[in-house]
Q: 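Can you read through this structure? Questions will come right after.
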Amino acid sequence: METEEQRADEALPRYRYDARVANEIEAKWQDRWEVEHTFWAPNPDGPLSEGFDAVADRSKLFVLDMFPYPSGVGLHVGHPLGYIGTDVYARFQRMSGRNVLHAMGYDAFGLPAEQYVVQTGQHPRVTTEDNVATMRRQLRALGLGHDPRRSVTTTDPAYYRWTQWIFLQLFESWYDEDAQRARPIAELVPILEADPEVGWAGLSTRERRELVDENRLAYLDEAMVNWCPALGTVLANEEVTAEGRSDRGNHPVYRRPLEQWKLRITAYAERLLGDLDLLDWSDSIKVMQRNWIGRSVGAEVDFGVEGHEDTTITVFTTRPDTLFGATYMVLAPEHPLVDDITPAEWPGATLGEDVNDIPPSWRGIFGAEAGPAEAIRRYREFVGPKSDLERQAEGREKTGVFTGAFATNPVNDAPIPIFVADYVLMGYGTGAIMAVPAHDERDFEFAQEFDLPIHVVIQPPLAWFEAQGADPEADPVDWPGAFVGDGVAVSSSNDEVSLDALDVSDAKARITAWLEANELGAAAITYKLRDWLFSRQRYWGEPFPIVYDEEELPVALPASLLPVELPEITDFEPEIVADDAESVPEPPLARADGWVTVELDLPRPDWAGGGAGPKIYRRELNTMPQWAGSCWYYLRYLDPTNENEFVSEAAERYWMEPGPGGVDLYVGGVEHAVLHLLYARFWHKVLFDLGHVSTPEPFQRLYNQGYILAGAFVDERGSYVEASEVVERDGRFFHGDDEVRRENGKMGKSLRNAVAPDDIYRDYGADTLRLYEMFMGPLDASRPWNTADIVGVHRFLQRLWRNVIDEVTGDVRVTPEPCDDETRRVLHRTIAAVGADMGDLAFNTAVARLFELNNRLTQVVAETGAAPEEVVEPLVLMTAPLAPHVAEELWERLGHERTLAYEDFPQADPLWLTVENVEIAVQLNGKVRARLTVPAGLDEAATEAAARADARVAGLLDGLAVRKVIVVSGRLVNFVVG
RNA sequence: GCGAGCGUGGCGGAACCGGCAGACGCGCCAGGUUUAGGUCCUGGUGCCCCUCGGGGCUUGAGGGUUCGAAUCCCUCCGCUCGCACCA
């Protein structure tokens with residue numbers, strides 16, 4: 001970069017807008033905005049209400065970014081893309097008369113900080129604070145107009161106190177299915193008391209507590225975790241390799257059941273699905289959420305089990321119309337009824353006297369002469385430790401074992417063999433299916449593998465056989481696959497009901513009605529969505545506000561005891577325990593001496609035995625997942641210093657209403673399309689049901705910004721080389737002497753193609769970086785970074801500056817003289833277009849319009865020697881949201897004392913939006929043959945007449961029969977000739 | 001495999017509701033300023049023909065609807081993302 005000496009040597013103009021001038025201006029204005037509280041957004045009352053009177057007549061606008069995890073490695077230019085976008089939008093709206101809230105916080109709990117501790121021994125709080133400070137500095141250099149008073153950090157006890165408080169709201173409520181909303185636990189007890197089936201009066205205190213606990217929105221349940229004894233820690237799915245070993249160290253990982261907190265998000269499945277219709281989100285995100293929730297409509301059907309009169313197995317199916325075609329049943333390996341129904345011996349009577357008459361494959365992949373129980377035990381051992389990842393890696397090869405038991409099909413009393421197989425998942429539906437191999441792809445494959453019968457109950461159309469290349473007369477065993485399409489039911493009748501000749505939807509309705517009438521089943525809806533596993537065996541997360549009493553039942557701490565602060569521990573190293581399948585995971589908090597147990601005098605409701613007096617309690621040792629803090633941070637921005645409430649009602653109503661979603665614009669990456677957005681919506685709905693927030697949804701408009709991509713270079717060994725060291729020669733790329741191959745990928749550390757914002761500030765300034773990122777392409781598209789392109793936007797700022805400031809003297813050179821009419825028209829067209837584009841987040845085209853206006857202004861300056869104020873001032877104001885520092889500087893030099901942040905965004909004068917003449921196209925049969933200029937506003941007849949009157953057009957039409965004329969006023973005339 | 005989205009000059013991209021394709025920027029070409037290069041300024045620049053008048057072609061490929069298609073419909077090809085035994 002150039003120095004003062006070079007500048008002097010080369011005699012560059014002293015006052016040219018370059019990196020040095022830009023950096024001076026940027027530092028100056030960032031300081032002034034801070035000192036003058038420029039971006040403080042006033043609340044209607046309370047501690048943050050200073051200045052509200054001045055904006056009381058404005059309507060509010062809440063602009064939100066997905067807040068970052070403050071990692072230690074620093075930003076690259078891809079990170080702030082969305083933040084710049086929201087800042088431009090917020091600044092534009094502020095100039096358009098809105099009271100804009102825009103703030104930034106930090107999502108600072110989580111795994112990386114904890115792993116860093118293990119490497120360095122530094123407390124995660126220290127590294128987290130360092131990282132937050134670094135990130136604040138880097139973001140400040142971008143000139144983002146945030147209200148600094150509202151910045152929250154999820155690891156701050158004053159913040160996570162309220163995360164814990166919200167958890168207590170979940171713990172202290174239940175979901176009323178009839179009312180379809182959450183209600184306080186206190187309202188559940190009278191209902192249980194009044195229900196004769198519950199027999200409340202006869203229950204012990206412990207039984208009552210257990211019954212209530214089962215109904216809470218936050219409840220304890222056994223869940224599978226990835227436990228790695230060698231590392232002494234539980235791992236996330238992403239940390240487990242396809243081979244079922246730890247990513248770090250390659251140690252064995254065991255799937256173990258562990259008592260875990262879960263949140264009852266499934267109760268909200270229907271509302272989370274339905275309320276998507278209220279939101280201005282992209283269809284693709286809505287589709288992803290809908291798929292994740294995974295609603296399926298069908299029926300539950302009860303099957304009897306031969307020899308077990310008291311046992312029924314309930315299956316879920318979306319195809320009850322194929323019930324007559326069920327030829328076997330499958331239970332998930334973990335299904336609780338498997339052990340009950342498994343006989344001691346392989347059945348002889350039904351399939352022959354000899355064990356060997358049972359097909360060997362039915363006895364399991366490891367064989368088991370000893371009997372079905374042993375075969376199932378071996379199969380479970382084979383299936384048990386596998387993670388979901390492994391199951392995927394194995395593909396879809398079907399495995400399973402015959403249980404030796406038979407179910408009875410309720411429609412025809414036919415006995416069908418019951419298998420266990422891992423293609424049936426315990427977590428979905430009832431964990432059991434009726435298998436209809438003729439009409440289900442997976443059942444068909446399994447039936448082929450195990451030689452099970454295939455009964456056709458939906459007649460495939462001939463076209464299907466033709467498309468499949470199959471013989472319509474063939475045995476279905478020889479079909480290439482199952483027929484899953486629509487068709488007419490066949491072979492589906494008993495004495496009471498017949499589905500034959502009905503189409504699929506009529507058959508579903510009829511059989512479901514019959515099942516309901518005979519109490520053999522019922523219509524049912526299931527969801528893929530599971531309850532949210534909310535415990536983590538980690539240190540660096542929010543502690544639960546929960547203790548356990550002598551009965552090992554959970555007791556909520558009262559809100560007055562919040563926050564439950566993370567205890568100091570000295571040793572963050574996970575404890576290595578025996579490297580075997582039996583050892584039990586223990587969270588790091590177990591090592592917090594003096595914290596694990598606590599003496600408290602906790603109140604207790606009468607139904608749970610009344611006041612217990614001072615007692616020793618054991619604390620919950622798990623912590624909350626990283627998602628917890630990010631579920632509600634947007635609400636804390638509204639009232640960040642409130643010590644009595646998580647947010648005051650007045651602040652919440654002011655910024656969130658009218659809804660249905662309160663945040664007017666939420667910008668972030670698609671990677672949070674499902675989990676974060678679903679979890680946050682869920683918490684918001686619980687808070688809504690309990691009356692703590694006033695809108696049913698948190699985020700009205702969601703916008704996903706794209707990624708910044710960049711060239712990445714791979715050497716012949718297949719590893720990435722530092723992209724900044726690669727040079728291009730004749731269209732080939734070299735790293736040193738080695739030729740390397742170019743790829744395009746997301747900018748980041750792993751592809752070694754990160755570009756540091758500091759380098760761009762140094763060479764061009766922050767305004768240039770902002771403008772470039774907004775100009776590269778539409779905000780929602782991913783686009784490749786190209787440092788060479790930056791000069792284009794830098795030149796724009798330089799020309800804008802030069803049009804106002806004399807580069808040699810530094811004097812302002814504007815004139816109060818009016819500009820010419822054509823320039824004025826360009827100005828007003830630009831104002832109209834830029835305003836519309838900014839409202840639509842179409843910043844790339846807004847920038848292009850500003851370029852055009854500035855190019856026009858450059859011409860005017862060249863011709864007249866001075867820039868008309870009439871053009872310069874609106875141009876500076878329109879540039880301000882995009883490049884605020886240089887705009888503020890020019891505004892000040894133009895003689896304005898106050899920041900332009902609250903100046904009115906220019907308004908187009910309709911008078912100057914009209915044009916006198918327009919050029920229209922004249923087409924023959926749709927092809928442009930001539931252009932001509934006509935007065936604007938001509939009607940169709942006059943336009944046609946004008947076209948015909950044109951000598952050139954007349955020549956074209958000469959001797960041709962015009963069959964039809966299409967005229968679009970102000971655009972074109974199309975002669976259809978024969 | 002299923003679902004969603006996207007294919008426009010050498011490059012990033014623009015084009016409202018079906019109405020002049022290629023705005024704006026980079027790059028490139030020519031000229032000016034400069035001792036030179038760079039910076040900066042001015043002009044040109046989709047491709048192919050051309051007798052310099054103009055003509056032809058062009059939005060992944062092919063087909064269709066229409067007076068008219070980058071835009072709507074169908075088939076195919078390519079790329080990106082999401083889900084992945086969900087009964």
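Given the structure is predicted, the values throughout are model-derived calculations rather than measurements. Labels below follow one simple rule: chain letters A, B, ... track the order of the sequence lines, proteins then strands, and each chain is numbered from 1.
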Q: For atom P, what is the distance between B:rA61 and B:rA69, given to the nearest Å?
A: 15 Å
Q: Return yes when atom CH2 of A:Trp292 has more than 12 non-hydrogen atoms of other residues, nucleotides or ligands closer than 6.0 Å, and no otherwise.
A: no
Q: Check the angle between the aromatic planes of A:Phe450 and A:Phe419 and answer parallel, tilted or perpendicular using the 30° and 60° thresholds.
A: perpendicular
Q: Can you tell me how far C1' in B:rG38 sits from the matching atom in B:rG19, rounded to whole Å?
A: 46 Å
Q: Please determine, for the side chain of A:Leu972, which listed nucleotide (B:rG19, B:rC40, B:rG25) has the closest atom?
A: B:rG19
Q: When you measure from every atom of RNA chain B, which of residues 296-303 of chain A have a heavy atom less than 4.0 Å away?
A: A:Ser296
Q: Assign B:rG53 to syn or anti; the rule is syn for a glycosidic angle within 90° of 0 and anti otherwise.
A: syn
Q: So, A:Asp939 and A:Ser969: side-chain donor and acceptor under 3.5 Å apart, yes or no?
A: no
Q: From the set B:rC41, B:rG55, B:rC67, return the single nucleotide nearest to any side-chain atom of A:Arg802.
A: B:rC41
Q: Within a reach of under 6.0 Å around CZ of A:Arg290, are more than 12 heavy atoms found that belong to other residues, nucleotides or ligands?
A: yes
Q: Would you kindly give the CZ-to-C1' distance between A:Arg319 and B:rA87, to the nearest whole Å?
A: 11 Å
Q: By the 4.0 Å heavy-atom rule, please label A:Arg849 as base, sugar-phosphate, or nothing.
A: base
Q: Rounded to the Å, how far apart are A:Arg829 CZ and B:rC16 C1'?
A: 16 Å
Q: Which value, in whole Å, describes the distance between the P atoms of nucleotides B:rA23 and B:rG12?
A: 15 Å
Q: Heavy atoms only, 4.0 Å cut-off, all strands: where does A:Arg290 land among base, sugar-phosphate and nothing?
A: nothing
Q: Does B:rG53 have a Watson-Crick or wobble mate here (both distances under 3.5 Å), and if so which one?
A: none
Q: Is it true that the side chains of A:Tyr379 and A:Thr399 contain a donor and an acceptor less than 3.5 Å apart?
A: yes
Q: With C1' as the reference atom in both, quote the distance from B:rG5 to B:rC85 in angstrom, rounded to an integer.
A: 26 Å
Q: Classify the angle between the aromatic ring planes of A:Tyr17 and A:His794 as parallel (below 30°), tilted (30 to 60°) or perpendicular (above 60°).
A: tilted
Q: Considering every strand and a 4.0 Å limit on heavy-atom distances, what is the contact class for A:Gln923: base, sugar-phosphate, or nothing?
A: base
Q: Enumerate donor-acceptor pairs with a distance under 3.5 Å from any side-chain N or O in residues 319-327 of chain A to protein atoms, sequence neighbours excluded.
A:
from	atom 1	to	atom 2	distance (Å)
A:Arg319	NE	A:Asp321	OD1	3.1
A:Arg319	NE	A:Asp321	OD2	3.4
A:Arg319	NH2	A:Asp321	OD2	3.0
A:Thr322	OG1	A:Arg319	O	2.7
A:Thr327	OG1	A:Pro453	O	2.9

Q: Please tell me whether A:Tyr423 and A:Phe446 form a close aromatic pair, meaning their ring centres lie under 6.0 Å apart.
A: yes
Q: Please tabulate, one pair per line, each protein N/O and nucleotide N/O from nucleotides 3-13 of chain B that are separated by under 3.5 Å, including the distance.
A:
from	atom 1	to	atom 2	distance (Å)
B:rG12	O2'	A:Met776	O	2.8

Q: Which whole-number value in Å describes the distance from A:Lys927 NZ to B:rG19 C1'?
A: 15 Å
Q: So, A:Ser296 versus A:Tyr527: side-chain donor-acceptor pair below 3.5 Å or not?
A: no
Q: Have a look at A:Arg295 and say if it touches a base, only the backbone sugar-phosphate, or nothing, with a 4.0 Å heavy-atom cut-off.
A: nothing
Q: Going by heavy atoms in the side chains, are A:Val791 and A:Tyr764 under 4.5 Å from each other?
A: yes
